[in-house]
Colleague: 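Sending over a structure as structure tokens; questions will come in a sec.
Numbering of residues begins at 1 and proceeds along the displayed sequence. The analysis underlying the following values was restricted to heavy atoms, covering all of them including side chains, and did not include hydrogens, waters or symmetry mates.
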Amino acid sequence: MVIESQDHGPRPISPTKNGATPDFPPIRACLFDMDGLLINTEDLYTICADIVLTKYGRPRLPWSVKAQLMGIPGSSHGETFHKWAQLPISREQFKKEQTEQQWIHFPECKPLPGVEKLLRELKVAKTTQGLPVHIALASSSEKMNYEMKTSRPITKAVLDLIPAEHRVLGDDPRIQKGRGKPAPDIYLLAMQSINSTLPEGVPKIKPNECLVFEDSVLGVEAGRRAGMRVVWVPHPGLANEYTGKEREVLAGRTALYLIGNDEQLGVVDDGWAEQLVSLENFPYEKFGIVHP
């Protein structure tokens, strides 16, 4: 499958002169990250890293470093992490020991507050124009990790609310190597996975009819680069790291991981993204969604 062009999608726009929210079409597709958004894996990632770090006399992983790792495949044992950690063991040994801890702790994953209710309501929701609302997953987790994280029956049941054909994972062969978040590819592919299953005669969903749900800063940027609206739901620890920088995060302009194509980024206060504390009591009406 080839990822569709964005040429027909919107480009970031400046706020209106009177500060009003720009006019958007109703949301037809909700595209979800997974780790730290739908399930509590970010806390478990930290536990696994800390066990190995403290074993070798190193400090626990701080949010100032963790914030730079979230959303990037393999980043928990990559260059940024090891430059900070300065471990007395090889990268291969750290990866081995961290993976052993993940096998122990990932099966403990559980859905975060509001997730099951939101997914169930979206499955029967419609737009204000009467069209169904679709859901998809766009996770940097690779398939093996996905299966570990969803091995708990209650967690699997919640993630299974997202159709299997609409789940895009980090090792999906349709995503080119090196094109993980903050590149837009995984979200464009998630949108395309929905479009490929629409009945004949139903208009294809466009990027500005998609709402990306993210907890990571780089994930927000990926959604903005895809020309989609974004809801940022950060972990309290991450939110604290970005206090005073929220507007740049929502525009995708943190320059945390440079990939070029800056014309894809948003404009500060352009109305395309907003921050929520959790997924509980989701404000459907803001996005043109009606649920029973």
Side-chain angles (χ1 to χ4, degrees), residues 1-4 29-45 48 69-78 95 98-99 102-103 105-112 115-116 118-119 122-123 134-197 205 207 210-223 225-226 228 230-231 233 257 259 279:
M1 183 184 292
V2 178
I3 295 176
E4 294 174 344
C30 292
L31 314 180
F32 292 89
D33 174 53
M34 181 177 73
D35 292 304
L37 177 86
L38 300 182
I39 56 178
N40 67 329
T41 29
E42 288 305 338
D43 290 333
L44 297 178
Y45 268 115
C48 294
L69 310 178
M70 294 173 63
I72 304 177
S75 62
S76 60
H77 48 78
K95 183 178 180 180
Q98 185 190 48
T99 299
Q102 290 173 351
W103 276 100
H105 292 285
F106 279 175
E108 301 169 5
C109 286
K110 60 183 180 181
L112 287 168
V115 169
E116 181 176 4
L118 176 61
L119 294 180
L122 286 173
K123 284 184 73 70
H134 301 270
I135 56 177
L137 186 73
S139 172
S140 297
S141 283
E142 297 181 352
K143 184 177 180 181
M144 183 180 72
N145 279 346
Y146 175 86
E147 291 175 351
M148 272 197 292
K149 294 168 183 176
T150 59
S151 59
R152 191 175 182 178
I154 187 173
T155 306
K156 185 177 187 302
V158 171
L159 267 296
D160 280 352
L161 292 170
I162 302 175
E165 64 271 23
H166 295 166
R167 297 180 213 148
V168 182
L169 301 178
D171 55 353
D172 192 303
R174 296 170 294 180
I175 300 174
Q176 294 181 17
K177 187 176 181 180
R179 292 292 297 177
K181 299 171 187 178
D185 302 36
I186 194 168
Y187 280 115
L188 292 169
L189 185 55
M191 178 185 72
Q192 189 172 343
S193 74
I194 295 172
N195 279 334
S196 66
T197 61
I205 297 170
C210 294
L211 181 61
V212 165
F213 290 75
E214 268 286 354
D215 70 307
S216 75
V217 171
L218 291 178
V220 171
E221 181 178 335
R225 286 181 176 275
M228 299 173 179
V230 179
V231 169
V233 192
Y257 189 83
I259 63 171
L279 293 179

Colleague: Taking all non-hydrogen atoms of both residues, which atom of Glu108 and which atom of Asn40 are closest, and how far apart?
Modeller: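 What the structure gives for the nearest pair is O-OD1, 4.4 Å.
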
Colleague: What's the spacing between Cys30 SG and Ile162 CD1 if we round to 0.5 Å?
Modeller: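 Going from SG on Cys30 over to CD1 on Ile162, the span is 10.0 Å.
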
Colleague: Could you check if a side-chain atom of Val158 sits within less than 4.5 angstrom of a side-chain atom of Leu38, using non-hydrogen atoms only?
Modeller: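 Answer no - side chains too far apart.
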
Colleague: Which heavy atom of Tyr146 sits nearest a heavy atom of Leu137, and at what distance?
Modeller: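 Closest heavy-atom pair between Tyr146 and Leu137: CE1-CD2, 3.7 Å.
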
Colleague: Just wondering, do Tyr187 and Asp33 contact through their side chains at under 4.5 Å, heavy atoms?
Modeller: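 Yes; the side chains approach each other to less than 4.5 Å.
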
Colleague: Please report the shortest heavy-atom distance between Met228 and Pro207, naming the atom on each side.
Modeller: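 Closest approach of Met228 to Pro207, heavy atoms only: CG-O, 3.3 Å.
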
Colleague: Do Pro182 and Val220 come close enough that some side-chain heavy atom pair is under 4.5 Å?
Modeller: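 Counting from C-beta outward, Pro182 and Val220 never come under 4.5 Å.
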
Colleague: Verify the distance criterion only: is there a donor paired with an acceptor across the side chains of Thr197 and His166 at less than 3.5 Å?
Modeller: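 Present: a donor and an acceptor within the cut-off.
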
Colleague: Whether the side chain of Lys149 engages the backbone of Cys109 through a donor-acceptor N/O pair (distance < 3.5 Å, no angle test) should be reported.
Modeller: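 Judged by distance alone, no pair lies under 3.5 Å.
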
Colleague: Set out, in order, the CA-CA distance, both residues' side-chain angles and the distance that settles side chain to side chain contact (heavy atoms under 4.5 Å, CB included) for Leu169 and Met144, then state yes or no.
Modeller: CA-CA 10 Å; Leu169 301 178; Met144 183 180 72; over 6 Å; no

Colleague: When you check the gap from the basic side-chain N to the acidic O, do Asp185 and Arg225 get nearer than 4.0 Å?
Modeller: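 Here Asp185 does not pair with Arg225 in a salt bridge, since their nearest N and O are not under 4.0 Å apart.
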
Colleague: Distance check, rounded to the nearest 0.5 Å: Asp172 atom CG versus Lys143 atom NZ?
Modeller: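 Going from CG on Asp172 over to NZ on Lys143, the span is 10.5 Å.
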
Colleague: Counting N and O atoms only, with roles assigned by atom type, does the side chain of Arg152 sit under 3.5 Å from a partner on the main chain of Pro107, one being a donor and the other an acceptor?
Modeller: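 Looks like no, no N/O pair under 3.5 Å.
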
Colleague: Please tell me if the side chains of Leu161 and Leu122 come closer than 4.5 Å, counting only heavy atoms from C-beta onward.
Modeller: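 Not in contact.
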
Colleague: Compute the ring centroids of Phe106 and Tyr45, then answer whether they are less than 6.0 Å apart.
Modeller: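 Between Tyr45 and Phe106, which both carry aromatic rings, the centre distance is below 6.0 Å.
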
Colleague: Between Met70 and Asp215, is any pair of side-chain heavy atoms under 4.5 Å apart?
Modeller: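 Yes - at least one pair of side-chain heavy atoms lies under 4.5 Å apart.
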
Colleague: With rounding to the nearest 0.5 Å, note down the distance linking CE in Met148 to CG in Asn145.
Modeller: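 Met148 CE to Asn145 CG: 4.0 Å, rounded to 0.5 Å.
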
Colleague: Hey, could you give me the NE2/CG distance between His134 and Leu31, rounded to the nearest 0.5 Å?
Modeller: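 Reported to 0.5 Å precision, the distance equals 11.5 Å.
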
Colleague: To the nearest 0.5 Å, how far apart are CG in Asp160 and CG in Leu119?
Modeller: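 The CG atom of Leu119 is 11.0 Å from CG of Asp160, to the nearest 0.5 Å.
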
Colleague: Does some side-chain heavy atom of Arg174 sit less than 4.5 Å from a side-chain heavy atom of Val168?
Modeller: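 When only atoms from C-beta onward are counted, Arg174 and Val168 do touch, with a gap below 4.5 Å.
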
Colleague: Distance check, rounded to the nearest 0.5 Å: Asn195 atom CG versus Cys210 atom SG?
Modeller: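 Output value for this atom pair is 7.5 Å.
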
Colleague: Could you report the tightest heavy-atom contact between Ala190 and Ala138, atom names first, then the distance?
Modeller: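 For Ala190 and Ala138, the tightest heavy-atom pair comes out as CB-CB, 4.2 Å.
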
Colleague: Give me the atom names and distance for the closest heavy-atom approach of Thr155 to Pro111.
Modeller: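 Here Thr155 and Pro111 meet closest at OG1-CD, 3.7 Å.
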
Colleague: Assess, by modelled atom type and distance only, whether the side chains of Ser141 and Asp35 contain a donor and an acceptor separated by less than 3.5 Å.
Modeller: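 Checked: Ser141/Asp35 side chains pair up, N/O donor to acceptor below 3.5 Å.
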
Colleague: Could you check whether any side-chain heavy atom of Ile39 comes within less than 4.5 Å of a side-chain heavy atom of Val115, counting everything from C-beta outward?
Modeller: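 They are not in contact (no side-chain heavy atoms under 4.5 Å apart), so the answer is no.
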
Colleague: Taking all atoms of both residues into account, what is the closest heavy-atom pair of Gly36 and Glu42, and its distance?
Modeller: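 Heavy-atom minimum between the residues: CA-CG, 3.6 Å.
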
